[in-house]
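All remarks here apply to the structure that follows.
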Protein chains: 2
Amino acid sequence: MVDVKGMPNPLFLREEELRQAIEMMFFAYRDFTGGPDEVLAEIGLGRAHHRVIYFVGRHPGITVSELLAILQITKQSLSRVLGHLVEEAYIVSRTGEVDRRQRKLELTPKGVELEKRLTAIQRDRIAHAYRNAGAEAVRGFKQVLHGVIDAKDRRRFDISGGS
Amino acid sequence: MVDVKGMPNPLFLREEELRQAIEMMFFAYRDFTGGPDEVLAEIGLGRAHHRVIYFVGRHPGITVSELLAILQITKQSLSRVLGHLVEEAYIVSRTGEVDRRQRKLELTPKGVELEKRLTAIQRDRIAHAYRNAGAEAVRGFKQVLHGVIDAKDRRRFDISGGS
DNA sequence: CCTTTACGTCAACCATGTTGACTTAATTTC
DNA sequence: GAAATTAAGTCAACATGGTTGACGTAAAGG
């Protein structure tokens with residue numbers, strides 16, 4: 001028999017290791033969204049608006065269907081948020097030229113400004129973490145996070161460690 | 001002048017790099033919570049219940065205040081969810097022995113069972129990502145995620161790469 | 001004794017998700 | 001060219017889970 005105290009059950013360690021990851025995901029996401037949430041609250045918007053503004057900014061001309069596929073919410077839910085953002089002139093919606101059933105979404109200058117402000121908060125947090133961890137750690141971070149994402153959405157990311 | 005085409009603006013690359021991280025955080029968290037959400041919906045519970053069950057399971061005897069500090073929600077909001085979990089016998093609340101104002105929370109066997117079921121889903125997803133990425137990447141993942149978390153909560157995690 | 005702390009509770013409200021039913025316009029298919 | 005499908009919008013009702021504010025009670029601590 002091996003000394004159980006000196007060399008504890010590797011399955012137990014693995015369980016602890018994995019629980020740590022689960023917990024870090026919770027705390028990291030909580031704090032990652034906390035900053036933008038404060039700014040949004042000041043102007044009467046919520047996290048749902050942020051997500052829409054972010055992805056429209058990231059993919060100008062994105063259609064409503066594409067947005068729904070990313071956000072994985074119902075069109076009724078998106079409609080409320082998106083409608084509000086169009087009313088408040090953060091986003092414009094124009095009819096698609098090739099398929100006139102589609103609505104292509106884009107940020108207005110006002111939308112771009114807000115998007116920048118919100119993204120800057122998250123970008124600075126990530127930049128800080130990246131700087132302190134180093135390039136090797138960043139590669140690992142992306143690799144693991146990539147594996148956490150559903151296979152169907154992995155193609156969105158090139159994590160070959162380019163730069 | 002350096003050739004701008006051959007060697008693009010490093011600030012632009014950095015911006016892209018950071019946006020990639022922001023986006024991966026969104027997709028990873030979306031998919032990380034998606035599995036448990038489905039199970040919870042079947043039994044009439046939500047993500048808020050999951051969080052409570054998780055942290056009570058992780059820290060048996062945790063007080064209401066401690067839970068509030070972790071979840072960062074109001075006690076009124078917690079009360080609704082926690083009250084329901086106590087009613088449905090997932091959690092028991094007993095008066096603290098040393099400080100009788102406190103309520104110490106614990107999972108019942110029923111609560112343990114649900115916690116295991118939910119955590120298993122997330123654990124398997126992380127385990128899969130860890131296995132595919134390798135030990136070095138896991139270290140990097142933890143280092144970066146650690147840096148994303150607010151300093152006040154970092155002490156919860158030992159990321160020294162122990163095993 | 002008085003103050004503070006831990007917890008609970010009532011009430012109202014808001015943001016954001018859901019289902020289901022239905023409409024309109026445009027495209028695609030047979 | 002008619003029929004089916006698709007993209008998008010809309011109305012309504014409802015659930016979850018957050019918020020603020022006010023107030024109550026019991027225990028602890030100065």
Side-chain angles (χ1 to χ4, degrees), chain A residues 26 29-30 33-34 36-56 61-88 91-106, chain B residues 26 29-30 33-34 36-56 61-88 91-106:
Chain A
F26 167 77
Y29 200 74
R30 184 197 67 177
T33 52
D37 282 356
E38 281 179 35
V39 172
L40 289 157
E42 286 170 20
I43 53 179
L45 299 179
R47 196 179 296 176
H49 301 91
H50 184 189
R51 291 195 284 250
V52 171
I53 285 177
Y54 178 83
F55 283 106
V56 171
I62 191 175
T63 66
V64 171
S65 304
E66 286 162 352
L67 202 44
L68 286 173
I70 288 175
L71 300 177
Q72 291 188 195
I73 58 176
T74 58
K75 65 177 170 177
Q76 293 92 328
S77 193
L78 173 59
S79 151
R80 198 161 23 196
V81 171
L82 182 54
H84 187 210
L85 290 171
V86 170
E87 266 177 35
E88 300 286 325
I91 287 179
V92 281
S93 158
R94 36 173 245 284
T95 300
E97 307 96 47
V98 344
D99 186 337
R100 293 168 41 79
R101 289 172 305 181
Q102 296 180 332
R103 297 293 175 271
K104 305 272 210 161
L105 306 172
E106 268 177 25
Chain B
F26 166 77
Y29 200 75
R30 185 198 67 176
T33 53
D37 282 356
E38 281 179 34
V39 172
L40 289 156
E42 286 170 19
I43 54 180
L45 300 178
R47 197 180 293 178
H49 302 92
H50 185 191
R51 292 194 283 251
V52 171
I53 285 177
Y54 179 84
F55 283 107
V56 171
I62 191 174
T63 66
V64 172
S65 304
E66 287 162 352
L67 203 42
L68 287 174
I70 288 175
L71 299 178
Q72 289 188 2
I73 56 176
T74 59
K75 65 176 171 176
Q76 294 92 327
S77 193
L78 174 59
S79 152
R80 199 163 20 193
V81 172
L82 183 54
H84 186 211
L85 290 171
V86 170
E87 267 177 34
E88 300 285 326
I91 287 180
V92 280
S93 158
R94 32 171 249 283
T95 300
E97 306 95 49
V98 342
D99 187 337
R100 293 171 39 79
R101 288 172 305 181
Q102 296 180 333
R103 298 291 175 271
K104 304 273 209 159
L105 306 172
E106 269 177 23

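In what follows, chains are A, B, ... by sequence order, proteins preceding strands, each numbered from 1.
- The nearest whole Å value for the distance from the CG atom in B:Asp37 to the C1' atom in D:dT16 is 12 Å.
- With sequence neighbours left out, B:Arg103 forms a side chain to side chain contact (heavy atoms under 4.5 Å, CB included) with B:Val64, B:Ser93, B:Thr95.
- Rounded to an integer number of Å, the gap from B:Leu67 CG to C:dG8 C1' is 15 Å.
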Show me the donor-acceptor pairs within less than 3.5 Å that the side chains of residues 78-87 of chain A make with the rest of the protein, sequence neighbours left out.
residue	atom	partner	partner atom	Å
A:His84	ND1	A:His49	NE2	3.4

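- Comparing B:Arg80 and A:Arg80 along DNA chain C, the residue whose closest nucleotide (by nearest heavy atom) sits nearer the 5' end is B:Arg80.
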Where protein sits on nucleotides 20-30 of chain D, one letter per nucleotide: B base, S sugar-phosphate only, - none, heavy atoms under 4.0 Å: BBB----BS--
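- If you take CD of A:Gln102 and C1' of C:dT28, they are 14 Å apart, rounded to a whole angstrom.
- Shown here are the salt bridge (Lys or Arg N to Asp or Glu O under 4.0 Å) partners of A:Arg51, two or more places apart in sequence or in another chain: there are none.
- The CG-P distance, from A:Leu78 to D:dT10, rounds to 12 Å in whole Å.
- Under the rule for a side chain to side chain donor-acceptor pair (under 3.5 Å), the partners of A:Tyr54 that lie at least two apart in sequence or sit in another chain are B:Glu23.
- Residues that satisfy the salt bridge (Lys or Arg N to Asp or Glu O under 4.0 Å) test with A:Glu38, not counting sequence neighbours, are absent from this structure.
- When the salt bridge (Lys or Arg N to Asp or Glu O under 4.0 Å) test is applied to B:Arg47, the partners found at least two apart in sequence or on another chain are B:Asp37.
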Verdict with supporting geometry, A:Lys104 and A:Ile62, side-chain contact (heavy atoms from CB on, under 4.5 Å): CA-CA 5 Å; A:Lys104 305 272 210 161; A:Ile62 191 175; over 6 Å; no
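- For B:Phe55 against B:Leu71, the heavy-atom pair with the smallest separation is CD1-CD2, 4.1 Å.
- Looking at residues two or more places apart in sequence or on another chain, you find a salt bridge (Lys or Arg N to Asp or Glu O under 4.0 Å) between A:Glu106 and A:Arg94.
- Computed from coordinates, the A:Leu68 CG to C:dT19 P distance equals 13 Å when rounded to whole Å.
- Remark: C1' of C:dT27 and CZ of A:Arg103 are 13 Å apart, rounded to the nearest angstrom.
- Listed by residue number, there are no residues of residues 38-52 of chain A with a heavy-atom contact under 4.0 Å to DNA chain D.
- Positionally, the nearest nucleotide of DNA chain C for B:Lys104 lies more toward the 5' end than for the other of A:Ile73 and B:Lys104.
- Atom P of nucleotide D:dG18 and atom CG of B:Leu82 are separated by 13 Å, given to the nearest angstrom.
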